[in-house]
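Basis for what follows: all heavy atoms, side chains included, without hydrogens, waters or symmetry-related copies. What you are looking at is a predicted structure, and each value in this text was computed from that prediction instead of being measured.
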Amino acid sequence: MTLVRPGAGSARDAKKSPDRLARLLALGRPIVMGVLNVTPDSFSDGGDFLEPAAAIDHARRMIAEGADVLDIGAESTRPYGGAVAVSMAEEMRRLAPILPTVVALGVPVSIDTMKAEVAAWALAAGAAIVNDVWGLQHDGGLARVVAQHAVPVIIMHNREAADPSIDIIADISAFFSRSLDIAARAGIARQSIVLDPGIGFGKTPEQSVTAIARLPELRSFGLPLLVGASRKRFIDKVSPAPPDQRLGGSIAAHVLAVAGGAAIIRTHDVAETVQALRVAAAIGSAR
């Protein structure tokens with residue numbers, strides 16, 4: 001999978017180039033994205049890394065554990081409801097003492113935001129990827145920011161509310177088609193796009209399971225797929241456990257997601273996920 005190379009620019013532009021993600025995808029193994037929530041209210045680890053020192057230490061730890069990319073978010077989107085909207089100013093206030101230092105650690109940083117202004121600020125500070133949980137359909141300016149900075153974007157499927165009556169894969173596919181149209185109109189190169197089915201977002205637990213089981217159907221878009229099943233509620237539905245005790249379920253989901261075509265895995269538990277994926281790959285190559 002080759003992502004588009006932007007025109008020549010500054011050293012900072014080179015650091016944000018889609019080629020950084022392209023080089024990772026070309027390694028021929030799943031890419032591991034570590035989650036860094038700089039929030040007081042995330043469903044799994046809210047408040048754990050709100051303080052800059054704790055956040056930066058955790059970033060260093062995830063890199064040491066094998067994270068290829070770090071995904072930093074300063075507004076909880078709480079997939080199961082109860083998310084509290086955060087102003088642009090507050091989101092950037094949380095990020096300001098953390099994001100530039102994490103960028104300097106050397107791995108590509110993804111900014112997890114729904115706001116064009118926050119994305120633009122983060123990209124100027126060195127972030128290399130935009131991760132939008134509303135797939136460019138929430139803030140009309142976000143696609144323009146991505147295009148102007150010539151960076152990869154992760155388009156995630158979402159819904160305002162779960163509807164158990166729908167075919168979730170058909171809904172995801174239609175959503176992706178709308179997002180890809182928005183991206184094309186803004187001038188985002190198709191090859192710079194990653195698709196995320198949005199496990200847990202706007203879905204029943206059963207639909208989240210279905211999205212992973214039927215992931216191969218989404219390969220028809222011809223774009224890299226990202227799956228973030230880490231600690232999600234569907235695990236509790238299958239095997240009851242609080243979020244911080246869902247490691248086994250997270251790993252099972254991610255190993256099967258890679259088998260179904262996922263190129264990127266987004267996880268809270270980097271070391272364990274890296275180990276599981278390496279062992280699964282070794283067993284697969286020995287067949």
Side-chain angles (χ1 to χ4, degrees), residues 1 21 24-25 27-37 42-45 58 61-71 73 77 79-80 107-108 110 112 129 131 133 154-158 168-169 172 194-201 203-219 223-287:
M1 182 69 206
L21 183 57
L24 289 173
L25 291 168
L27 293 175
R29 62 165 175 80
I31 302 309
V32 175
M33 173 184 280
V35 178
L36 181 56
N37 289 319
S42 291
F43 84 96
S44 170
D45 57 4
H58 189 54
R61 181 164 55 252
M62 288 192 289
I63 293 170
E65 292 173 345
D68 299 295
V69 180
L70 296 180
D71 188 45
T77 47
Y80 314 121
V107 304
S110 167
D112 184 350
I129 302 166
N131 182 10
V133 299
I154 299 165
I155 287 174
M156 195 192 84
H157 171 267
N158 211 335
I168 195 62
I169 295 297
I172 291 170
V194 173
L195 301 178
D196 176 356
I199 305 304
F201 287 82
K203 299 169 184 65
T204 65
E206 294 79 10
Q207 287 172 334
S208 288
V209 171
T210 296
I212 297 171
R214 295 173 60 188
L215 191 67
E217 296 177 42
L218 300 177
R219 296 171 70 178
L223 297 173
L225 300 175
L226 180 153
V227 170
S230 186
R231 304 183 184 180
K232 294 289 177 68
R233 185 179 61 177
F234 79 91
I235 298 168
D236 177 68
K237 181 74 172 181
V238 176
S239 180
D244 63 353
Q245 295 179 31
R246 296 175 187 169
L247 176 60
S250 301
I251 287 175
H254 286 151
V255 168
L256 289 170
V258 169
I264 305 172
I265 295 299
R266 183 180 183 273
T267 181
H268 299 83
D269 303 292
V270 171
E272 297 87 349
T273 301
V274 167
Q275 183 183 75
L277 294 176
R278 287 177 180 172
V279 171
I283 293 170
S285 65
R287 289 175 178 165

Working to the nearest 0.5 Å, report the span between [atom1] of [X] and [atom2] of [Y].
{"X": "L256", "Y": "I212", "atom1": "CG", "atom2": "CD1", "answer": "8.0 Å"}
{"X": "E65", "Y": "Q275", "atom1": "CD", "atom2": "CD", "answer": "11.0 Å"}
{"X": "L36", "Y": "D112", "atom1": "CG", "atom2": "CG", "answer": "10.5 Å"}

Does the side chain of [X] reach to within under 4.5 Å of the side chain of [Y], using non-hydrogen atoms?
{"X": "R266", "Y": "N131", "answer": "yes"}
{"X": "S250", "Y": "I235", "answer": "yes"}
{"X": "V107", "Y": "V69", "answer": "no"}
{"X": "L218", "Y": "L195", "answer": "no"}
{"X": "L215", "Y": "V227", "answer": "yes"}

| request: Take I264 and V194, measure what side chain to side chain contact (heavy atoms under 4.5 Å, CB included) needs, and give me the verdict at the end. | output: CA-CA 9 Å; I264 305 172; V194 173; 4.1 Å; yes
| Any residue meeting salt bridge (Lys or Arg N to Asp or Glu O under 4.0 Å) with E272, in chain and number order, not counting sequence neighbours |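 Partners of E272 under the salt bridge (Lys or Arg N to Asp or Glu O under 4.0 Å) test: none.
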Check whether any side-chain N or O of [X] sits under 3.5 Å from a backbone N or O of [Y] as a donor-acceptor pair, and report yes or no.
{"X": "T267", "Y": "G34", "answer": "no"}
{"X": "D236", "Y": "A241", "answer": "yes"}
{"X": "H157", "Y": "D196", "answer": "no"}

| task | Please check if atom CD in E206 has more than 12 non-hydrogen atoms from other residues, nucleotides or ligands closer than 6.0 Å. | result |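 Enclosed.
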| said: With side chain to side chain contact (heavy atoms under 4.5 Å, CB included) as the criterion, how do I154 and M33 come out once you've worked through the C-alpha distance, each side chain's angles and the decisive distance to 0.1 Å? | reply: CA-CA 12 Å; I154 299 165; M33 173 184 280; 3.6 Å; yes
Specify the closest pair of heavy atoms between [X] and [Y], including all atoms of both residues, with the distance to one decimal.
{"X": "M156", "Y": "V133", "result": "CE-O, 3.2 Å"}
{"X": "A229", "Y": "A253", "result": "CB-CB, 3.8 Å"}
{"X": "A211", "Y": "I199", "result": "CB-CD1, 3.8 Å"}
{"X": "P30", "Y": "D68", "result": "O-OD2, 4.2 Å"}
{"X": "K203", "Y": "P197", "result": "NZ-O, 2.8 Å"}

| said: Could you work out, with side chain to side chain contact (heavy atoms under 4.5 Å, CB included) as the rule, every residue matching A213, not counting sequence neighbours? | reply: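 For A213 there are no side chain to side chain contact (heavy atoms under 4.5 Å, CB included) partners, ignoring immediate neighbours.
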| field | Summary of side chain to side chain donor-acceptor pair (under 3.5 Å) pairs that have at least one residue in residues 278-287, sequence neighbours excluded | value |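 Counting only pairs at least two positions apart or across chains, no side chain to side chain donor-acceptor pair (under 3.5 Å) contact touches residues 278-287.
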| For M62, the option from L70, V32, V35 that meets side-chain contact (heavy atoms from CB on, under 4.5 Å) |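 Result for side-chain contact (heavy atoms from CB on, under 4.5 Å) with M62: L70.
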| message | Just to verify, which of V274, V270, V258 counts as forming a side-chain contact (heavy atoms from CB on, under 4.5 Å) with I265? | response |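 Result for side-chain contact (heavy atoms from CB on, under 4.5 Å) with I265: V258.
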| side chain to side chain contact (heavy atoms under 4.5 Å, CB included) between K232 and S208, worked out | CA-CA 9 Å; K232 294 289 177 68; S208 288; over 6 Å; no
| Yes or no on salt bridge (charged side-chain N to carboxylate O under 4.0 Å, His left out) for R231 and D244, after CA distance, side-chain angles and deciding distance? | CA-CA 7 Å; R231 304 183 184 180; D244 63 353; over 6 Å; no
| Between R246 and F234, does a side chain to side chain contact (heavy atoms under 4.5 Å, CB included) hold up when you go through it step by step? | CA-CA 10 Å; R246 296 175 187 169; F234 79 91; over 6 Å; no
